Enquirer: 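Here you go, one structure.
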Amino acid sequence: MDGTPLQHWNLIGDTGESIATCFELLINAGSTEVWAQANGTSLTITSRLPGSAGNGISLGVNTNSTQFTATLATNWLSGGQDGIWLTDLTVVPRMNRAARDWSLSYFKALNSYGIDVTASFSMELGNGDPSTGAGIAQRYPDGAACTVSTPALQTNFGPESTAFWQQAYLDMAQIMLDAGITAYLQFGEVQWWYTAAHGGMPFYDAYTTSAFQAAYGQPMGVIPSQNADPASYPNECVFLPGLIGEFTQAIMTFVRQSAPSTKFEVLYPPDVNNTPLNKLINYPTSYWTPANLACLKTENFTYTGDRNLDLARQSIQLPRQLGFPPSQSSHLVGIGDYTTPWLKEWSLAVAAGMESVVLFALDQFASSGYSLPLNVRIVRARFMGR
């Protein structure tokens with residue numbers, strides 16, 4: 001037990017059974033790593049750690065006697081197997097008690113400081129069920145489920161996924177209302193995954209392919225990558241963003257039936273969508289409009305990391321180009337180390353007169369040692385000619 005000795009003096013009245021029981025009581029009274037159960041002269045020791053984490057705990061035994069002996073069945077614990085943990089797609093509320101209580105407390109704290117709150121969900125679902133029966137995964141042409149590095153399952157826009165996320169958004173809206181704040185929810189990167197794998201893009205779940213077949217009377221074409229020419233897939237480039245728009249509209253309608261004052265915004269990343277195909281399939285122009293959304297927020301971690309302020313400026317300007325006034329525009333800046341131009345990007349967004357400029361995230365800001373208030377030193381360059 002990780003070098004922890006347990007001892008018992010063999011008294012005159014002891015038997016094999018009593019000694020086994022004694023060690024059961026000793027282990028269960030003081031050990032947090034294992035537990036024990038005596039059965040006659042046998043003592044079974046079991047890891048408290050679930051799955052394979054409990055394997056490899058070493059054991060040793062010594063009676064200091066040739067008259068009374070003890071034998072180990074094995075020198076270490078083994079046999080633990082990791083289970084498959086899957087998100088319950090039907091439980092109400094969708095979030096567990098710990099997440100609900102933490103969110104409620106956090107929202108109340110922010111409100112006490114006069115800080116506005118937006119709660120966000122993306123399409124990524126930790127421990128999401130990748131099976132075809134569950135029906136929630138985005139899928140590649142070979143049928144493989146789309147999983148991302150967070151790690152999580154990238155969910156699709158079919159009815160099973162929609163039903164799950166509708167309730168999740170409603171639950172969060174209710175928590176925000178209980179905290180005494182406006183229910184303000186964000187569609188955080190609610191899009192098709194941005195890159196190809198397993199033979200193509202992740203558009204080929206059963207719902208999407210069957211709905212396309214019904215709409216156009218032919219199978220959906222296999223789009224090999226995000227760099228494919230949209231002109232080769234005209235129907236797909238109309239159909240795919242429509243599913244996103246229908247999905248977000250269904251969520252807004254569902255939530256507002258119970259919480260009619262709820263506001264919604266979209267977080268859109270121009271950097272990962274910077275291909276002709278992705279620009280079309282991941283922005284449903286007829287749904288994501290100033291009339292339907294409280295705000296359009298952009299982000300571009302790649303541009304910031306690449307030190308490309310020209311592209312970051314284009315990202316900041318995108319909401320206005322799509323018809324969103326400054327009062328309905330926002331930009332999220334990814335905080336990096338001092339060599340990245342995130343502070344200048346923040347300054348550009350502030351100068352654009354946007355409704356808000358958001359820094360991502362608090363832990364990066366604090367751990368990097370930055371201080372408030374933010375300040376950009378304004379300098380002037382002049383060329384003195386002869």
Side-chain angles (χ1 to χ4, degrees), residues 99 102-103 105-124 126 148-152 154 172 176 181 184-191 193-195 264-274 278 282 293-320 324 326-379:
W102 185 92
S103 298
S105 177
Y106 185 53
F107 296 159
K108 286 182 176 180
L110 292 175
N111 188 41
S112 71
Y113 287 102
I115 299 174
D116 294 333
V117 181
T118 304
S120 177
F121 292 103
S122 71
M123 299 303 292
E124 300 173 25
V148 295
S149 61
T150 39
Q154 187 77 0
M172 184 58 77
M176 301 182 86
I181 61 177
Y184 199 135
L185 302 175
Q186 180 189 99
F187 294 115
E189 295 191 59
V190 175
Q191 302 179 347
W193 190 244
Y194 311 108
T195 56
F264 289 88
E265 72 174 23
V266 161
L267 176 65
Y268 180 79
D271 53 349
V272 290
N273 282 308
N274 195 20
N278 281 0
N282 272 334
L293 299 173
C295 186
L296 176 61
K297 181 177 291 178
T298 51
E299 68 171 17
N300 46 247
F301 294 165
T302 304
Y303 297 162
T304 311
D306 290 344
R307 284 86 171 157
N308 195 325
L309 282 175
D310 290 332
L311 290 178
R313 189 192 300 270
Q314 292 178 23
S315 179
I316 292 168
Q317 295 171 344
L318 182 63
R320 182 170 295 186
F324 287 82
S327 61
Q328 288 180 262
S329 303
S330 179
H331 187 64
L332 186 150
V333 180
I335 299 172
D337 62 58
Y338 72 95
T339 68
T340 65
W342 68 268
L343 193 54
K344 292 182 179 179
E345 183 180 329
W346 168 81
S347 179
L348 290 173
V350 170
M354 311 185 98
E355 178 269 339
S356 61
V357 183
V358 179
L359 300 181
F360 186 90
L362 178 61
D363 52 351
Q364 281 116 312
F365 187 89
S367 64
S368 297
Y370 296 119
S371 60
L372 292 172
L374 296 178
N375 183 41
V376 177
R377 187 165 60 95
I378 304 300
V379 296

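Bear in mind the structure is a predicted one, so any value in this text is a computation, not a measurement.
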Enquirer: Is any side-chain heavy atom of His331 closer than 4.5 Å to one of Leu348?
Expert: no
Enquirer: Is any side-chain heavy atom of Thr298 closer than 4.5 Å to one of Pro319?
Expert: yes
Enquirer: Look up atom OG in Ser367 and atom CD1 in Ile335, then write down how far apart they are to the nearest 0.5 Å.
Expert: 8.5 Å
Enquirer: What closest approach, in Å, do Thr118 and Gln186 show between heavy atoms, and which atom pair accounts for it?
Expert: CG2-CB, 3.7 Å
Enquirer: Measure the CG-OG1 distance between Asn274 and Thr302 for me, rounded to the nearest 0.5 Å.
Expert: 9.5 Å
Enquirer: Around atom CG of Asp363, are there more than 12 heavy atoms of other residues, nucleotides or ligands at under 6.0 Å?
Expert: yes
Enquirer: What pairs with Phe360 under side chain to side chain contact (heavy atoms under 4.5 Å, CB included), at least two apart in sequence or on another chain?
Expert: Phe301, Leu332, Gln364
Enquirer: What are the two closest non-hydrogen atoms of Ala349 and Val357, and how far apart are they?
Expert: CB-CG2, 3.7 Å
Enquirer: Between OG1 of Thr304 and CG of Leu343, what distance do you get to the nearest 0.5 Å?
Expert: 11.5 Å
Enquirer: Are the side chains of Leu359 and Leu374 in touch, meaning some heavy atoms are under 4.5 Å apart?
Expert: yes
Enquirer: Restricting to side chain to side chain contact (heavy atoms under 4.5 Å, CB included), what partner residues turn up for Thr150, sequence neighbours left out?
Expert: Glu124, Val148, Ala152
Enquirer: Within the side chain of Thr340, is there an N or O that forms a donor-acceptor pair under 3.5 Å with the backbone of Asp337?
Expert: yes
Enquirer: What salt bridge (Lys or Arg N to Asp or Glu O under 4.0 Å) pairs are there with at least one residue in residues 295-307, not counting sequence neighbours?
Expert: Glu265-Lys297
Enquirer: Listed by chain and number, what are the side chain to side chain contact (heavy atoms under 4.5 Å, CB included) partners of Ala119, not counting sequence neighbours?
Expert: Phe107, Met172, Met176, Leu185
Enquirer: Quick one: closest heavy-atom pair of Pro269 and Val272, and the distance?
Expert: CG-CG2, 3.5 Å
Enquirer: Quick one: list whatever passes side chain to side chain donor-acceptor pair (under 3.5 Å) with Tyr106, sequence neighbours left out.
Expert: none
Enquirer: Begin from the C-alpha positions of Leu311 and Asp271 and carry the test side-chain contact (heavy atoms from CB on, under 4.5 Å) through to its verdict.
Expert: CA-CA 8 Å; Leu311 290 178; Asp271 53 349; over 6 Å; no
Enquirer: Rounded to the nearest 0.5 Å, how far apart are CE of Met354 and OG of Ser330?
Expert: 6.0 Å
Enquirer: Indicate whether the side chain of Gln154 and that of Tyr194 have a donor and an acceptor atom separated by less than 3.5 Å.
Expert: no
Enquirer: Could you tell me whether a side-chain N or O of Asn111 sits under 3.5 Å from a main-chain N or O of Ile181, the two making a donor and an acceptor?
Expert: no
Enquirer: On a heavy-atom basis, which atom in Tyr184 and which in Cys295 lie closest, and how many Å separate them?
Expert: OH-CB, 3.4 Å
Enquirer: Taking the side chain as everything from C-beta on, heavy atoms only, tell me whether Gln314 gets closer than 4.5 Å to Pro270.
Expert: no
Enquirer: Hey, could you give me the OG/OH distance between Ser315 and Tyr268, rounded to the nearest 0.5 Å?
Expert: 9.0 Å
Enquirer: Give me the ring orientation class for Tyr370 and Trp342: parallel if the planes are under 30° apart, tilted from 30 to 60°, perpendicular past 60°.
Expert: perpendicular
Enquirer: With sequence neighbours left out, write down each residue that passes side chain to side chain contact (heavy atoms under 4.5 Å, CB included) with Gln328, or none if nothing qualifies.
Expert: Pro290, Phe324, Pro325
Enquirer: Rounded to the nearest 0.5 Å, what's the gap from CZ on Arg313 to CG on Leu318? Could you check?
Expert: 15.0 Å
